[in-house]
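Accompanying notes for the structure given below.
Remember, it's 1-based here, ligands and their atoms both numbered in the order they're listed. All values reported here derive from a predicted model rather than from experimental measurement. Starting from 1, each residue takes its place in the sequence as its number.
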Amino acid sequence: MERTPLTRDRRVCLRCGSGVPPVERVFLSVVIPCFNEEEGLGVLHHRVHGVCESIGETFEMVMVNDGSTDGTGEALIRLAGRAPNIVVVNLSRNFGHERALLAGLTVCCGANILILDADLQDPPELLPEMLRLIQAGADVVYGRRRARMGETWFKRVTAWAFYRVFDFLSDVAIPRDTGHFRLLRRRVLDVVLEMPEQRLYLRGLISWAGFRQVPIDYDRAPRLVGAGKWPLKKMLGLAGDAITGFSIKPMRFVCCLGAVCAALVLGIAGCWLALPTGDRSANELPIVISLIAILFGFQFSSLAVIGEYIGRIWEQSRGRPLFVIESVVPSSLRSDAHPGQVTRRD
Ligand code: UDP
Ligand code: MG
């Protein structure tokens, strides 16, 4: 399959292949990544369509099927058959939330872009208020969670702790307690699409872009149906991506740890040498062994921290596409000149 470079300056439309910049053909794009969300799609469409229609401007719903294994793909095609402003982006497999969202953001062509989850935990009904803030001069309106309903205490505690640790570590001010739910102007999205990151933390990249970003507070509802798609392993992975993508403080911490260990060892060695030879008894062996074990522990965990960064450098230099689009429906939106494989790199 031929590889198509994505022209992130958007000189070429990914959907129609024309040389006409696609931006601002529609007023609003709602981008929704979907992974095994079959049951809730009807309500999702009903609520999002209703609120978008009430605005009285042109809009599209870009629904990304992230390699779902249930009937999500078929349900989306059925919806697109009935509603002409639905665009379905089928990825070739499951690429994960961040990459699926990026695929949708790459394909959408609205002047304003609303990012929404398919499970309706974030209320699309806030859209008119968010648009008012945009019209009042904001470039990004991000949803800030006052409460998180229907989530386990474990998820709430880990999310709370993550945002605070991340805030401490991050070199960029990224608002706490925010998810993907936000409305952005096209000029902010264009900056984000220029970023070559392989490991994505999109809400961080959007904050990094700057411009005028304002919060809108809301209570996060429970999932409409089904279960969350973020097992602990994935959550830890995203936290690692966020921290390594926005901070080198963990590596600095490792340097400090090395200095502390070296000072400790020198101090102990000095004390030991200062003892009269007769007092350097063999009974100290367990202490020495424990110290060596602790130092090795520190050394291995330091290597692991550095390894996390090196792994990401390797991944970045490998430069694989971030996602593969298998098809876009309606297919008329995509010419034959644009085969399925898409990469974010120029
Ligand atoms: N999602 C996705 N790919 C994945 C996992 C999730 O596209 O591999 C979508 C999912 O369908 C939903 C959104 O990402 O629209 C958020 O997922 P979820 O509700 O599980 O996350 P949480 O609300 O717990 O952060
Ligand atoms: Mg959710």
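- Ligand 1 places these atoms under 4.0 Å from at least one heavy atom of Cys34: 7 (O), 11 (O).
- Interatomic distance, CZ of Phe323 versus CG of Leu101, reported as 10.5 Å (0.5 Å rounding).
- For the ligand labelled ligand 1, residue Lys234 lies inside the 4.0 Å heavy-atom shell.
- Panel note: side chain Arg187, backbone Leu184; no donor-acceptor pair is recorded below 3.5 Å.
- Any N or O atom pair closer than 3.5 Å counts here, and Ala100 shares no such pair with ligand 1.
- Between Asp241 and Arg312 there is a salt bridge, since a side-chain N of the basic residue sits under 4.0 Å from a carboxylate O of the acidic one.
- Ile248 and Ile174 fall into different hydrophobic clusters, defined by Ile, Leu, Val, Met, Phe, Trp and Tyr side-chain heavy atoms under 4.5 Å apart, directly or through other members.
- Contact atoms of ligand 1 toward Lys155: 22 (P), 24 (O), 25 (O) (distance under 4.0 Å to a heavy atom of the residue).
- Shortest contact from atom 3 (N) of ligand 1 to any protein heavy atom: Asp66 OD2, 2.7 Å.
- Side-chain atoms of Asp66 come within 3.5 Å of backbone N or O of Phe95 as a donor-acceptor pair.
- With hydrogens left out, the protein atom closest to atom 9 (C) of ligand 1 is Pro33 O, 3.7 Å, a heavy atom.
- Heavy atoms from both the backbone and the side chain of Asp117 come within less than 4.0 Å of ligand 1.
- At least one heavy atom of Arg220 lies less than 4.0 angstrom from ligand 1.
- Test Val48, Leu183, Leu116 against Leu127 for side-chain contact (heavy atoms from CB on, under 4.5 Å) and you get one pass: Leu183.
- Here Ile32 has no heavy atoms under 4.0 Å from ligand 1, in either its backbone or its side chain.
- Closest to atom 23 (O) of ligand 1, if we only count protein heavy atoms, is Gln121 OE1, 2.8 Å.
- In this structure, of Met235, His97, Arg223, the residue bringing a heavy atom nearest to atom 18 (P) of ligand 1 is Arg223.
- Formation of a donor-acceptor pair under 3.5 Å by the Ser247 side chain with backbone atoms of Asp171 is not found in this model.
- Distances from the Mg ion (ligand 2) to each N, O or S atom of Asp119 single out OD2 as the nearest.
- The residues Asp177 and Arg145 are annotated as not salt-bridged, no charged nitrogen and carboxylate oxygen being separated by less than 4.0 angstrom.
- Looking only at distances, a side-chain donor or acceptor of Gln316 sits under 3.5 Å from a matching main-chain atom of Gln198.
- Between Asp219 and Arg146 there is a salt bridge, since a side-chain N of the basic residue sits under 4.0 Å from a carboxylate O of the acidic one.
- Taking atom 12 (C) of ligand 1 as the reference point, the nearest protein heavy-atom neighbour is Glu37 OE2, 3.5 Å.
- Residue-level proximity to ligand 1 for Ala118 is carried by backbone and side chain together, each with a heavy atom below 4.0 angstrom.
- In this structure, atom 5 (C) of ligand 1 lies nearest to the protein heavy atom Lys229 CB, 3.5 Å.
- Of the protein's non-hydrogen atoms, the one nearest atom 1 (N) of ligand 1 is Phe35 CB, 3.7 Å.
- The single protein non-hydrogen atom nearest to atom 19 (O) of ligand 1 is Asp119 OD2, 2.6 Å, given as residue, atom name and distance.
- Of all protein heavy atoms, the one closest to atom 8 (O) of ligand 1 is Asn94 ND2, 3.1 Å.
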Stepwise, does the salt bridge (Lys or Arg N to Asp or Glu O under 4.0 Å) test hold for Arg212 with Asp139?
CA-CA 5 Å; Arg212 205 168 157 242; Asp139 290 288; over 6 Å; no
